[in-house]
Enquirer: 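Pasting a structure below so you can have a look.
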Amino acid sequence: MTTADSDSAPILSQQGACAILRLNRPRHLNRLLPADLDTLQRQFDRIESDPSIRVLVLTGTGRAFSAGFDIGEVAERAADPDQQDAGSAFERVANRLEELSKPTICRLNGGVYGGSTDLALACDFRIGATGCEMFMPAARLGLHYYKSGIRRYVSRLGVDNAKRLFLTAQKIDANEMLRIGYLTALVPLDRLDAEVEALAAILAGNAPQAMAGMKRAINEFAHGQLDEAATDQRARDSMTGPEIREGIAAFAAKRAPRF
């Protein structure tokens with residue numbers, strides 16, 4: 001995957017059916033500024049509305065995935081009650097990422113710290129390179145993390161792991177990230193692109209409406225907020241829709257489906 005020459009807002013590109021969204025402030029470990037959050041929201045809207053995009057890969061430039069939200073901005077807002085909206089803005093970005101109907105992969109090219117640990121958790125899959133690490137420093141900073149981020153930690157990693165990561169603020173290595181389920185897969189850095197591209201190709205080749213509906217149901221189950229009527233309706237609709245007709249035809253003809 002290509003890199004940019006200098007720091008900038010997140011960069012969105014497309015390779016075939018795959019959108020690649022790159023955090024691009026490598027000199028500062030891809031920390032996110034307030035303007036970057038607005039950019040990400042616009043980019044998510046573009047990805048959601050473009051039918052040619054079937055899957056999103058989120059990654060970072062350089063040696064880290066991201067250091068999270070700029071700590072200087074956090075300190076500035078802590079001192080000014082009229083400016084205490086950064087946390088809610090970051091929360092909205094993470095929630096929007098989780099809610100995207102299209103499957104998402106976080107390509108963890110390096111360390112993932114602070115709020116960016118939640119951005120990665122908001123993705124459906126996380127593939128990490130050997131040598132990556134993570135920590136959530138909220139307790140060390142005196143910060144009570146926002147509720148949907150805590151919910152994601154609990155629903156995806158379990159209560160005990162969420163307590164360990166939030167309350168101790170201790171760093172864990174790539175092998176431990178894999179063991180607790182933070183990582184979907186762990187590979188050497190020189191195999192990272194191949195692993196991500198292989199998974200993206202699988203996702204891009206599956207039925208988009210069926211995946212979107214099942215992703216929504218899985219997230220709702222995880223959050224204890226299942227819309228049973230809507231889930232049942234999507235399942236009934238799928239039995240007579242164009243995707244199942246193509247899927248059955250492809251199976252009978254022993255060919256790959258063309259959704």
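On a predicted model such as this, the values are computed, not experimentally measured, just so you know.
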Enquirer: Shared ILVMFWY cluster between Leu119 and Leu100, side chains joined below 4.5 angstrom?
Expert: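 Shared cluster, yes.
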Enquirer: Could you tell me if the side chain of Asp227 sits less than 4.5 Å from the side chain of Glu220, heavy atoms only?
Expert: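 Counting from C-beta outward, Glu220 and Asp227 do come under 4.5 Å.
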Enquirer: In the single-linkage hydrophobic clustering (I, L, V, M, F, W, Y; side-chain heavy atoms under 4.5 Å), do Ile202 and Phe125 co-cluster?
Expert: no
Enquirer: Just wondering, more than 12 heavy atoms not from His144 lying within 6.0 Å of its NE2?
Expert: no
Enquirer: Could you tell me if the side chain of Leu23 sits less than 4.5 Å from the side chain of Leu40, heavy atoms only?
Expert: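 Yes, close enough: below the 4.5 Å cut-off.
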Enquirer: Any idea how Tyr145 and Phe166 line up, ring-wise: parallel (<30°), tilted (30 to 60°), or perpendicular (>60°)?
Expert: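 Correct class here is tilted.
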Enquirer: Closest approach of Cys132 and Gly110, non-hydrogen atoms and distance?
Expert: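 So the two residues come closest at CB-O, 3.4 Å.
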Enquirer: Walk me through whether Gln233 and Asp237 qualify under side chain to side chain donor-acceptor pair (under 3.5 Å).
Expert: CA-CA 6 Å; Gln233 187 61 56; Asp237 291 344; 2.8 Å; yes
Enquirer: Transitively linked via ILVMFWY side-chain contacts under 4.5 Å: Tyr113 with Leu32?
Expert: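 No, Tyr113 and Leu32 fall in different hydrophobic clusters.
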Enquirer: Are Glu176 and Lys171 ion-paired here, with the side-chain N under 4.0 Å from a carboxylate O?
Expert: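 Looking at Glu176 and Lys171, the cut-off is not met.
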Enquirer: Using the salt bridge (charged side-chain N to carboxylate O under 4.0 Å, His left out) definition, which of the options Lys215, Arg151, Arg92 pairs with Glu98?
Expert: Arg151
Enquirer: Flag the pair Arg255 and Glu246 as a salt bridge only when some basic side-chain nitrogen lies within less than 4.0 angstrom of an acidic carboxylate oxygen.
Expert: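 Judged by the 4.0 Å cut-off on N to carboxylate O distance, Arg255 and Glu246 do form a salt bridge.
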Enquirer: Show your reasoning for whether side chain to side chain contact (heavy atoms under 4.5 Å, CB included) applies to Phe65 and Ser116.
Expert: CA-CA 8 Å; Phe65 169 67; Ser116 66; 4.0 Å; yes
Enquirer: Yes or no on side chain to side chain donor-acceptor pair (under 3.5 Å) for Asn109 and Arg63, after CA distance, side-chain angles and deciding distance?
Expert: CA-CA 7 Å; Asn109 52 296; Arg63 63 187 178 90; over 6 Å; no
Enquirer: Rounded to the nearest 0.5 Å, how far apart are CG of Asp173 and CZ of Phe135?
Expert: 14.5 Å
Enquirer: If the test is side chain to side chain donor-acceptor pair (under 3.5 Å), which one of Asp7, Asn30, Asp70, Asp36 qualifies with Arg25?
Expert: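 Result for side chain to side chain donor-acceptor pair (under 3.5 Å) with Arg25: Asp36.
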Enquirer: Using a 3.5 Å distance criterion without hydrogens, assess whether the side chain of Arg140 forms a donor-acceptor pair with backbone atoms of Ala169.
Expert: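 Answer holds: yes.
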Enquirer: Decide whether Phe221 and Leu157 are clustered together by the hydrophobic rule: side chain heavy atoms of Ile, Leu, Val, Met, Phe, Trp, Tyr closer than 4.5 Å, transitively.
Expert: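 In one cluster: no.
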Enquirer: If you measure from CG on Asn219 to OG on Ser155, what distance do you get to the nearest 0.5 Å?
Expert: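 Rounded to the nearest 0.5 Å, the CG-OG separation comes out at 8.0 Å.
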Enquirer: Determine, for Glu99 against Arg216, whether the closest basic-nitrogen to carboxylate-oxygen distance falls under 4.0 angstrom.
Expert: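 A salt bridge is absent here (no side-chain N lies under 4.0 Å from a carboxylate O).
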Enquirer: Begin with the C-alpha distance, continue with both residues' side-chain angles, and end with the deciding distance and a verdict on side chain to side chain contact (heavy atoms under 4.5 Å, CB included) for Ile53 and Gln14.
Expert: CA-CA 8 Å; Ile53 295 174; Gln14 186 172 350; 3.6 Å; yes
Enquirer: What I'd like to find out is whether the side chain of Glu91 reaches to under 4.5 Å of the side chain of Lys147, using heavy atoms alone.
Expert: yes
Enquirer: Between Thr61 (side chain) and Pro26 (backbone), is there a donor-acceptor pair under 3.5 Å?
Expert: no
Enquirer: Under a 3.5 Å threshold, yes or no: a donor from one side chain and an acceptor from the other, between Thr117 and Tyr182?
Expert: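 Their side chains do not contain a donor-acceptor pair, so the 3.5 Å distance test is not met.
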Enquirer: Looking at every non-hydrogen atom in both residues, tell me the closest pair between Gly115 and Met136 and how far apart they are.
Expert: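 Gly115 and Met136 have their closest heavy atoms at N-CE, 4.4 Å.
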Enquirer: Please tell me if the side chains of Arg107 and Leu58 come closer than 4.5 Å, counting only heavy atoms from C-beta onward.
Expert: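 They are not in side-chain contact.
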Enquirer: Do other residues, nucleotides or ligands put more than 12 heavy atoms under 6.0 Å from Gln41 CD?
Expert: yes
Enquirer: Given side chains that start at C-beta, do those of Thr104 and Leu97 come closer than 4.5 Å, heavy atoms only?
Expert: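 A side-chain contact exists here, since the closest heavy-atom pair is under 4.5 Å.
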Enquirer: On a heavy-atom basis, which atom in Leu192 and which in Ala129 lie closest, and how many Å separate them?
Expert: CD2-CB, 4.0 Å
Enquirer: Stepwise, does the side chain to side chain contact (heavy atoms under 4.5 Å, CB included) test hold for Leu183 with Leu108?
Expert: CA-CA 9 Å; Leu183 292 178; Leu108 286 165; 3.5 Å; yes
Enquirer: Shortest non-hydrogen contact from Glu243 to Phe259?
Expert: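 Nearest pair, atom of Glu243 first, then Phe259: O-CE2, 3.2 Å.
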Enquirer: At what distance, to the nearest 0.5 angstrom, does CE of Met214 lie from OG1 of Thr231?
Expert: 12.0 Å
Enquirer: Give me the one residue out of Leu56, Val55, Val57, Leu199 that meets side-chain contact (heavy atoms from CB on, under 4.5 Å) with Pro103.
Expert: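 Among the candidates, only Val55 passes.
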Enquirer: Hydrophobic clusters here meaning ILVMFWY residues chained together by side-chain heavy-atom distances under 4.5 Å, can you tell me if Leu121 and Phe90 are in one?
Expert: yes
Enquirer: Between Met134 and Ile172, is there a side-chain heavy-atom distance shorter than 4.5 Å?
Expert: yes
Enquirer: Taking all heavy atoms of Lys102 and all of Ile47, pick out the closest pair and write down the distance.
Expert: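 Heavy atoms only, the tightest pair is NZ-O, 2.7 Å.
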Enquirer: Are Pro10 and Thr39 close enough that some pair of their side-chain heavy atoms sits under 4.5 Å apart?
Expert: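 In contact.
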Enquirer: A side-chain contact here means heavy atoms from C-beta on lying under 4.5 Å apart; do Arg126 and Arg156 qualify?
Expert: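 Arg126 vs Arg156: side chains touch.
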Enquirer: Could you measure the distance from the CD atom of Glu197 to the SG atom of Cys18? Nearest 0.5 Å is fine.
Expert: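 So the CD of Glu197 and the SG of Cys18 are separated by 8.0 Å.
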Enquirer: Leu12 vs Ile20, test: side chain to side chain contact (heavy atoms under 4.5 Å, CB included). Steps then yes/no.
Expert: CA-CA 6 Å; Leu12 179 61; Ile20 301 167; over 6 Å; no
Enquirer: Between CD of Gln43 and CZ of Arg46, what distance do you get to the nearest 0.5 Å?
Expert: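 CZ of Arg46 is found 8.0 Å from CD of Gln43.
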Enquirer: If every non-hydrogen atom of Ala235 is compared with every non-hydrogen atom of Ser238, which pair is closest and at what distance?
Expert: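 Taking Ala235 first and Ser238 second, the nearest heavy atoms are O-OG, 2.7 Å.
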Enquirer: Start with the C-alpha distance between Asp118 and Tyr146, add both sets of side-chain angles, then the distance that settles side chain to side chain donor-acceptor pair (under 3.5 Å), and finish with yes or no.
Expert: CA-CA 10 Å; Asp118 188 39; Tyr146 54 82; 2.5 Å; yes
Enquirer: Can you tell me if Glu48 and Ser101 form a side-chain donor-acceptor pair at under 3.5 Å?
Expert: yes
